[in-house]
Number of protein chains: 2
Amino acid sequence: MPYHHGNLKQTLLDAALELTAATGPRGFTLREVARRAGVSHNAPYRHFRDRDDLLAAVAAQGFDQLNGSMQRAARKATPLARLRRSGIAYVDFALRWPQHFAVMFDSPWNKSDYPECAAAAERCFGTLVAFVAACQAAGELPPGNTDEAAYRAWSLVHGIAKLANAGQFPWHSRARMLRFCAAALE
Amino acid sequence: MPYHHGNLKQTLLDAALELTAATGPRGFTLREVARRAGVSHNAPYRHFRDRDDLLAAVAAQGFDQLNGSMQRAARKATPLARLRRSGIAYVDFALRWPQHFAVMFDSPWNKSDYPECAAAAERCFGTLVAFVAACQAAGELPPGNTDEAAYRAWSLVHGIAKLANAGQFPWHSRARMLRFCAAALE
DNA sequence: ACCTGAACACCGTTCAAGT
DNA sequence: ACCTGAACACCGTTCAAGT
């Protein structure tokens, strides 16, 4: 029974990401993660407090990926077009990685217990706020409380993403879903 | 060991609703429901296919209650005010019964396996569509695809509800949350 | 410091009974 | 028809070890 490699933590995270994509929050099992990483079922406790702690790490990684997607989608455009494209990118991310998206928003990690995860979520929202502020500065959105306008935009795309993943919309192709999203952001 | 009363099914449903309110989808356990109903841990299988089936029944009941709340909130007002009030009622319901709301939208019951639940959700959406249609007929909303307009309104309030329950907004009182919601629906 | 194996108290689900 | 009790294969988490 030899010891494991030096960086079990990263191995566990990778296995957790794979398992998340495959089965979602409900099938996410500490013992299965350990199995995939090739270690005993309680080796993870050396690196994560408990199941929720590992899940929070997965969520944090998701927020960073989402943030990257939004920023990439918004390059080279007018302020309002940037805002819209980032919103479409948000929904696209949710449709492509529904299970990861569910871990990010449906797991009850609270901000005080999982500060890293909360910080990653904050960075996402910060990106949105910056886009809204640019629109207001350019006169493409009415002036006013920037945060509230950003929360409103976030709510709209988040609702579309969630309802779509819950199967509440009648459209079944991702392309059709994104067309609806684009129209809703007009 | 005497037999149980005649309508164990309703007793189980009541216990399931209580347990849902207390602990949410994650703490929802078939064995705990049976315990609260005072029967053995597999008596529920006489009345529900499995855990997800009982959960779907809980969700269906939630959709009917939500529908009632939306309709009651929308009495005696102009078409546009009815639509807005029903949207605020939607968010208010989610804030008051966060766990029940989570069971309704985060459990992966699919429409084909749980037709009763899907029908209850459809009735909710139908209420929204009727309000939107009335607005269009009265010239208080621009004409166009009624369903798409309703899906857009649904997405907005659903996103507000979900993000609020996920703790992503900075406001902590329900009153403040509903003020934001009312402003977002302007 | 880092990992293992046994152990405990839970699950969902199935099956052979009992009335 | 409706319910019980034992059984099976899983969990998360803890604890006493091993290297």
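The model shown is predicted, which means the values in this text are computed figures rather than measured ones. Worth knowing before you read on, the calculation uses all heavy atoms, side chains too, and leaves out hydrogens, waters and symmetry mates.
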- [ ] With sequence neighbours excluded, tell me which residues meet side chain to side chain contact (heavy atoms under 4.5 Å, CB included) with B:A130.
- [x] none
Would you be so kind as to tabulate the donor-acceptor pairs closer than 3.5 Å made by side chains of residues 174-186 of chain B, with sequence neighbours excluded?
from   : atom 1 : to     : atom 2 : distance (Å)
B:R174 : NE     : B:D92  : OD1    : 3.2
B:R176 : NH2    : A:E148 : OE2    : 2.5

Task: side-chain hydrogen bond (donor to acceptor under 3.5 Å, both in side chains) contacts in which one or both residues fall within residues 37-49 of chain B, not counting sequence neighbours - done: B:S40-B:N42
TODO: With sequence neighbours excluded, tell me which residues meet salt bridge (Lys or Arg N to Asp or Glu O under 4.0 Å) with A:E18.
DONE: A:R36
- [ ] Sequence neighbours left out, what pairs pass side-chain hydrogen bond (donor to acceptor under 3.5 Å, both in side chains) with at least one residue falling in residues 152-173 of chain B?
- [x] B:Y90-B:W154, B:Y90-B:H158, B:D106-B:K162
Task: Set of salt bridge (Lys or Arg N to Asp or Glu O under 4.0 Å) partners for A:D64, sequence neighbours left out - done: A:R123
TODO: Considering just the side-chain nitrogens and oxygens of A:H47, establish if one lies under 4.0 Å of OP1 or OP2 belonging to C:dC2.
DONE: no
Open item on the list: Below 30° counts as parallel, above 60° as perpendicular, anything between as tilted: where do the rings of B:W109 and B:F63 land?
Closed with: perpendicular
Atom pairs, protein N/O to nucleotides 10-14 of chain C N/O, distance under 3.5 Å:
from   : atom 1 : to    : atom 2 : distance (Å)
C:dC11 : OP1    : B:R35 : NH1    : 3.4
C:dC11 : OP2    : B:R35 : NH2    : 2.8
C:dG12 : OP1    : B:L30 : N      : 2.7
C:dG12 : OP2    : B:L30 : N      : 3.4
C:dG12 : OP2    : B:R31 : N      : 3.0
C:dG12 : N7     : B:R31 : NH1    : 2.4
C:dG12 : O6     : B:R31 : NH1    : 3.0
C:dT13 : OP2    : B:Y45 : OH     : 3.0
C:dT13 : OP2    : B:R51 : N      : 3.1
C:dT13 : O5'    : B:Y45 : OH     : 3.3
C:dT13 : O4     : B:R31 : NH1    : 3.3
C:dT13 : O4     : B:H41 : NE2    : 3.2
C:dT14 : O4     : B:N42 : ND2    : 2.7

Task: Contacts of A:K111 that satisfy salt bridge (Lys or Arg N to Asp or Glu O under 4.0 Å) - sequence neighbours left out - done: A:E122
- [ ] Convert the base pairs of DNA chain D into dot-bracket notation, remembering that pairs crossing earlier ones are written with [ ] and that bases paired across to another strand are shown as |; include only Watson-Crick or G-U pairs under 3.5 Å.
- [x] ||.|||||...|||||.||
